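The structure appears below as structure tokens.
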Amino acid sequence: MRSSRLVSRKHKEKPAEAQLISHIFLLRGGYVRPVANGIYSLLMPAKRIQSKIIDIIREEMDKIDGQEIQMPITLPRELWDESGRWDGVEAELLRFQDRSNHDMLLAMTHEEAVVALARTEVTSYKDYPFMLYQFQTKFRDEARSRGGLVRVREFVMKDAYSFHTSQADLNNYYDSCAKAYHNIFRRCGIPEVVSIQSDSGMMGGKVAHEYQLLTDSGEDKVVVCEKCKTYANNEVATCSFKAEPEVLLDLETFETPNVKTIEELEKFTGQPATKMAKMVFYTTAKGETVGVIVRGDVEVNECKLGKILQSEFMFASDDEVLKTGAIPGFACGIGLKCRVFVDYSVANGYNMICGANREGYHMNNFNVTRDIPHAEIVDIATVKTGDICSKCGAELTIKRGIEVGNIFKLGTRYSKAMNMTYTDDKGQEQTPIMGCYGIGIGRLLASVCEVRNDAYGPIWPLSIAPWQVQLCAMKLDKPEIFEAAESIYADLQNAGVEVLYDDRNLTAGVQFAEADLTGIPLRLIVAPRALAQGMIEYKVRGTDETGLIPLNEVISFVQNWIQKEMEKYK
């Protein structure tokens, strides 16, 4: 490709709307252009990277017996009615009516579509297991699209769906797909991606894992134990709460005028928040008000709470709190007319301070097992840095990450709801068990850029680089430079090397700055001084490696370099 013909303008200045490194470089380097909030056009350099990522994923999916298909992005309401998600998913799902006033949607995911397809084709246990996958555009009407391709509304995803006759078979395939995912990320140049336990969210199912690229620019919080090398999304992470045993003391009420918050209570009593039990009230979509008790230094994990309540919820109003028998600001769980959930941070504590359900008063020596024996003890805490790992006892830390993939054990969430069955070896109808496996292509592209860069631009791994070689020519108006550069360009193309040739006769500074923004791994430079010696300069992007190559050895050098470098990504 000649730079003079490439439709991809470079920009010197940082775009005002960009904050993430990848967003800055993808805009400055002429990879993407915004069309609307969270919607981008991909120019040729980004499209070439995306195609290589897709090729890698396709190879790994085919290795585990995936069958590539393609399903439509536009789906009828009826399929999502079958699964219950037409009404279950809120504003993220883009709904519309066609010209005949039929309810339609733009798919944000394809569980319904793949079940509808598979149930028409597979009816016998003899045809199981199988996996179908696709590369397809999705639309999710994100309320907070940000960071360029990291969080968008329209995106291309590889989504795969496996179907099984037993949980054991799903478990085995799930492990195979997990290994394939590690291969994909390694081959794309980010082997440091880690698999973490995660929440299944709107997808359903009981087991899910995310693949997180740990980076300070990530928006996800990952709980890490460095000692036992375990990782978990902050939405599902657990920790250990242990306290030294104490003799249970009698409850004592004491006056605390105008003292409502934990911070105020710490100052008033001189006791730390770890000796306090705070109570938060929520009201569910069904109108039920519930009380939640956590330690004073702990925050309620609303993702965990949602799983327990199996309902949407919001903070209860003061009137709703009063109806339970509690006093806002001075609440405790004793004698309330509502369900009370107690986190282990309080259940494992002794002689704690809590509200007295009386305006201006608190109590000492609150003990869950004695004072509210019928409370439901649950894990409902948000883990924070310094908490204790429940496996090895080491301190936990919170790191940031970008989710680059996810896998779910869906179970029968969709196959049962949509009446997909097969006939087993005894002639009985059974419901298949499903798994789901996704990778966002654009986000993966941006994530690589996020961690593979320097101050001047991206440093693309050779396996996904837009081109393998950047050919720069200094002083193209000199006949000997022009002839040498054109000859090398032609020879590289004939040898099957992917090359971007800057044929615009620009200054060295401009050419090199734009080459840095393009991020191609190997740069060849045709310059007067070296050419006079029969040599061509080379530089490896992102390293200090430079040197000279005899003119008649350029092609063999490039081929050997590419072959050796690609060994890293096999």
Side-chain angles (χ1 to χ4, degrees), residues 57-71 79-80 82-85 88 107 109-134 136 157-185 195-211 230-233 236 238 307-308 310 405-439:
I57 295 173
R58 179 179 286 117
E59 288 178 14
E60 294 297 331
M61 292 297 97
D62 289 349
K63 287 179 185 177
I64 56 174
D65 297 324
Q67 302 177 48
E68 186 171 358
I69 62 171
Q70 184 162 322
M71 295 174 283
L79 290 183
W80 281 56
E82 285 189 58
S83 70
R85 290 206 295 176
T109 182
H110 276 78
E111 284 75 15
E112 289 84 356
V114 77
V115 170
L117 174 64
R119 70 187 176 187
T120 68
E121 307 300 313
V122 182
T123 58
S124 170
Y125 75 97
K126 296 178 181 179
D127 299 318
Y128 283 78
F130 62 94
M131 185 268 271
L132 305 176
Y133 75 95
Q134 67 169 353
Q136 179 58 286
M157 174 173 277
K158 185 284 299 179
D159 49 323
Y161 307 91
S162 64
F163 296 78
H164 309 268
T165 59
S166 70
Q167 187 65 44
D169 192 53
L170 170 59
N171 293 344
N172 289 334
Y173 194 82
Y174 191 86
D175 292 342
S176 297
C177 199
K179 292 176 184 177
Y181 268 41
H182 283 296
N183 286 339
I184 288 166
F185 300 126
S195 172
I196 72 169
Q197 182 184 356
S198 66
D199 177 55
S200 57
M202 62 170 283
M203 303 298 291
K206 295 183 178 180
V207 178
H209 288 81
E210 294 172 354
Y211 289 81
T230 57
Y231 307 86
N233 188 294
V236 299
T238 61
K307 280 184 169 293
I308 294 167
Q310 293 292 297
N406 49 56
I407 58 179
F408 304 88
K409 293 183 182 179
L410 295 177
T412 59
R413 161 71 173 84
Y414 297 91
S415 53
K416 185 174 182 179
M418 298 182 68
N419 197 32
M420 179 181 179
T421 62
Y422 66 90
T423 304
D424 65 16
D425 58 352
K426 297 178 181 178
Q428 300 296 313
E429 282 196 346
Q430 303 291 344
T431 301
I433 301 169
M434 292 178 62
C436 173
Y437 320 88
I439 294 177

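Numbers here simply count residues along the sequence, with the first being 1. Here the structure is a predicted model, which means the values were calculated and not measured. Atoms considered below: every heavy atom in the structure, side chains included; atoms not considered: hydrogens, waters and symmetry mates.
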Original post:
Looking at R85, M420, E82, which hits side-chain contact (heavy atoms from CB on, under 4.5 Å) with Y414?
Top reply: R85

Original post:
Which of these passes side-chain contact (heavy atoms from CB on, under 4.5 Å) with Q134: M157, M71, K158?
Top reply: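 With Q134 as partner, M157, M71, K158 yield a single side-chain contact (heavy atoms from CB on, under 4.5 Å), made by M71.
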
Original post:
With a 3.5 Å cut-off and no angle check, do the side chains of Y128 and D424 form a donor-acceptor pair?
Top reply: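 Per modelled atom types, Y128 and D424 side chains form no pair under 3.5 Å.
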
Original post:
Is it true that the side chains of Y174 and H209 contain a donor and an acceptor less than 3.5 Å apart?
Top reply: yes

**OP:** For the residue pair Y173 and H164, categorise the inter-ring angle as parallel (less than 30°), tilted (30 to 60°) or perpendicular (more than 60°).
**Re:**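 Correct class here is tilted.
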
Looking at every heavy atom in both [X] and [Y], which two are closest together, and how far apart are they?
{"X": "A160", "Y": "Y133", "value": "CB-CB, 3.6 Å"}
{"X": "Y211", "Y": "S195", "value": "CE2-CB, 3.7 Å"}
{"X": "S166", "Y": "I433", "value": "C-CD1, 3.6 Å"}
{"X": "A116", "Y": "L79", "value": "CB-CD2, 3.7 Å"}

Please report the interatomic distance [atom1]([X]) to [atom2]([Y]), rounded to the nearest 0.5 Å.
{"X": "Q136", "Y": "I69", "atom1": "CD", "atom2": "CD1", "result": "10.0 Å"}
{"X": "H110", "Y": "D159", "atom1": "NE2", "atom2": "CG", "result": "6.5 Å"}
{"X": "T431", "Y": "F163", "atom1": "OG1", "atom2": "CZ", "result": "12.0 Å"}
{"X": "D175", "Y": "I407", "atom1": "CG", "atom2": "CD1", "result": "8.0 Å"}
{"X": "N172", "Y": "C177", "atom1": "CG", "atom2": "SG", "result": "13.0 Å"}
{"X": "I184", "Y": "I439", "atom1": "CD1", "atom2": "CD1", "result": "4.0 Å"}

Does the side chain of [Y] come within less than 4.5 Å of [X]'s, by heavy atoms?
{"X": "S162", "Y": "L170", "value": "yes"}
{"X": "M418", "Y": "E111", "value": "no"}
{"X": "D62", "Y": "E59", "value": "no"}
{"X": "T109", "Y": "Y161", "value": "yes"}
{"X": "Q430", "Y": "T165", "value": "no"}

If only atom types and distance count, is the side chain of [X] paired as donor or acceptor with the main-chain N or O of [Y] below 3.5 Å?
{"X": "Q67", "Y": "F130", "value": "no"}
{"X": "R413", "Y": "S83", "value": "yes"}
{"X": "S124", "Y": "D127", "value": "no"}
{"X": "R58", "Y": "E68", "value": "no"}
{"X": "Y437", "Y": "A178", "value": "no"}
{"X": "S415", "Y": "P432", "value": "yes"}

Subject >> M434 and F408: CA distance, side-chain angles, deciding distance, side-chain contact (heavy atoms from CB on, under 4.5 Å) verdict >> reply: CA-CA 9 Å; M434 292 178 62; F408 304 88; over 6 Å; no

Original post:
NZ of K126: more than 12 outside heavy atoms within 6.0 angstrom?
Top reply: no

